[in-house]
K.L.:
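Below are the structure tokens for one structure; questions will follow.
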Amino acid sequence: MKKLNVALVGLSFGLEFVAIYCKHPDVGKVYVVDKNEKLLNIARERYSIPKSQCFTDLQNVLDIPEIDAVHLVTPPSTHAPFSVRVLNAGKHCGCTIPMGMSLEELKQVILARQAAEKNYMFMETTIFQREFLYMKELYEKGELGRLQYMTCAHYQDMEGWPDYWKGFPPLMHPTHAVAPCLMLAGHLPQKVYARGSGKVRKELEEQYGCPYAFEAAFITLQDSDITIEMERFLYGVARSYSECFRIYGENKSFEWQQLADEDPVLYTRTGALQKVDILNEEKEESSRGGEILEERIKIPDYAHLLPDEIASFTTNTVYNNENTHLSFKQGGGHGGSHPHLVHEFIRSIIEERKPAMDDIMGAYWTGTGICAHESAMKGGEVITIPRFEQL
């Protein structure tokens, strides 16, 4: 079987993925791109990448016919333009979050993917983190029963991050929060209502024109009675980092822990319960009664879903104490998701199928936040989310 040649663009955080690509059994050559020569040298020395496979400009790798796929880990404003360039060059594209900075940019990526007939994968970490894989497993077994309500949040203090994050509107970067809930619900978002709260410093408001310290939203879904609550802040709030969700089901419910050194809580209704088989769509009602049991649970790792060569990356990262990205200091390395992302990207190309998170899914997840921010800026106007699959 032909191995894929992959280019990784952006090494400040992207260095985390280089090691995984280098060890993936279906990857041949790994190319790296970054304007920072120091980061290129780290990649060369640490992973024995030839100098001929190291570049300072994206166009260099787009011009190489033998490169099959490009993974973008660059600043947010470049995501849509770079994705379009990659697809227009006839290469498969994986891109970190957010997918774009406007609804128009999301549409441009979709149209480019359609024209190129190549894969686009939205590299959202949270749907491969341990907590989501665990909840997905419980739901598909029918243990949660009917889903009743979901909440999600991404709390993060962005003080001291690169200037392009300065004053970034909270819900314009929504997918670490909302992706797990939308993925589990299995329904597309339809409308959103949001409000802004509090104020950031004037200097933070200048770049993007957003005055709010906090934005919160309610999301309705197509063909579903479930509502999702979403909240986000980036500046001016005294709260430690968390990418979290709560899932409330008829039989079992899950709540994320409040403190980093705690375990999450699972609530179980006791008594005469009948599991609802989600996969086979059996919908018999169960009798109710009994008590609600609550327990702290240990979330299992899901490295067994990966090839042996990259399974260890669910718990090990490439960063040392002197070069630790803030998402690792604050967020624990995205819940072991990175090797799962790489594996899904590579296998979707080899198997000639859509990835688990394609351009349509990425547009809905990102677009929900863009529309939510618009709603907040309009004082809570209900915004209808575009139908991206109809482009």
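None of these values were measured; they are calculated from a predicted model. We number each residue from 1, following the sequence as shown.
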K.L.:
Using the ring centroid of each side chain, check whether F17 and H338 are separated by less than 6.0 Å.
P.N.:
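Distance test on ring centres: under 6.0 Å, yes.
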K.L.:
Let me see the working for L133 and R130 under side-chain contact (heavy atoms from CB on, under 4.5 Å), right down to the final yes or no.
P.N.:
CA-CA 5 Å; L133 293 176; R130 299 177 192 92; 5.9 Å; no
K.L.:
Is there a path of hydrophobic side-chain contacts, each under 4.5 Å between heavy atoms of I, L, V, M, F, W or Y residues, that connects Y212 with L171?
P.N.:
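Y212 and L171: separate clusters.
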K.L.:
Looking just at side-chain N and O atoms, do R146 and Y248 make a donor-acceptor pair shorter than 3.5 Å?
P.N.:
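Y248 and R146 do not have a side-chain donor-acceptor pair below 3.5 Å.
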K.L.:
If you take the centroid of each ring, where Trp contributes its six-membered ring, are H71 and Y21 closer together than 6.0 Å?
P.N.:
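Yes - the distance between ring centres of Y21 and H71 falls below the 6.0 Å cut-off.
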K.L.:
Using a 3.5 Å distance criterion without hydrogens, assess whether the side chain of D359 forms a donor-acceptor pair with backbone atoms of Y120.
P.N.:
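No: the side chain of D359 does not pair with the backbone of Y120.
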K.L.:
Inspect the contact between R201 and E159 and indicate whether a charged nitrogen and a carboxylate oxygen are less than 4.0 angstrom apart.
P.N.:
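So E159 pairs with R201 through a salt bridge.
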K.L.:
Taking the side chain as every heavy atom from C-beta outward, state whether F132 and K136 have any atom pair closer than 4.5 Å.
P.N.:
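Yes, close enough: below the 4.5 Å cut-off.
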K.L.:
Is the H343-F345 ring centre distance short of 6.0 angstrom?
P.N.:
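No - the distance between ring centres of H343 and F345 does not fall below the 6.0 Å cut-off.
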K.L.:
I'd like to know if E215 and R195 make a salt bridge, using a cut-off of under 4.0 Å between side-chain N and carboxylate O.
P.N.:
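Salt bridge between E215 and R195, a charged N being under 4.0 Å from a carboxylate O: no.
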K.L.:
Quick one: do D68 and K91 make a salt bridge, cutoff under 4.0 Å?
P.N.:
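Salt bridge between D68 and K91, a charged N being under 4.0 Å from a carboxylate O: no.
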K.L.:
Quick one: do I219 and F214 end up in the same hydrophobic cluster if we chain Ile, Leu, Val, Met, Phe, Trp and Tyr together by side-chain heavy atoms under 4.5 Å apart?
P.N.:
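Not linked; separate clusters.
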K.L.:
Testing L8, V9, L72 one by one against V33 for a side chain to side chain contact (heavy atoms under 4.5 Å, CB included), which residue passes?
P.N.:
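It is V9; the other options fail the test.
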K.L.:
Once you measure the plane-to-plane angle for Y302 and H304, does it fall in the parallel (<30°), tilted (30-60°) or perpendicular (>60°) bin?
P.N.:
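Geometry flag for H304 against Y302: tilted rings.
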K.L.:
Do F55 and L58 have side chains that approach each other closer than 4.5 Å (heavy atoms only, starting at C-beta)?
P.N.:
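Sidechains of L58 and F55: no contact.
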K.L.:
Is the side chain of R44 donor-acceptor paired with the backbone N or O of P50 at a distance under 3.5 Å, no angle test?
P.N.:
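No.
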K.L.:
Check whether any side-chain heavy atom of I292 sits under 4.5 Å from a side-chain heavy atom of T270, and report yes or no.
P.N.:
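I292 does not reach T270 side chain to side chain.
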K.L.:
We want to know whether Y164 and Q207 form a side-chain donor-acceptor pair, criterion being a heavy-atom distance below 3.5 angstrom.
P.N.:
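The answer is no; no qualifying pair exists.
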K.L.:
Under 6.0 Å between ring centres, would you say that holds for F13 and H334?
P.N.:
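Judged by ring-centre distance (under 6.0 Å), F13 and H334 do meet the cut-off.
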K.L.:
Do E143 and K252 sit within salt-bridge range, that is, some charged N less than 4.0 Å from a carboxylate O?
P.N.:
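Result for this pair is yes, salt bridge flagged.
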K.L.:
Flag the pair I346 / L4 as yes when at least one side-chain heavy-atom distance between them is below 4.5 Å, and no otherwise.
P.N.:
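They are in contact (side-chain heavy atoms under 4.5 Å apart), so the answer is yes.
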K.L.:
Under the criterion side chain to side chain contact (heavy atoms under 4.5 Å, CB included), which of W161, Y235, F233 is the partner of Q156?
P.N.:
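With Q156 as partner, W161, Y235, F233 yield a single side chain to side chain contact (heavy atoms under 4.5 Å, CB included), made by W161.
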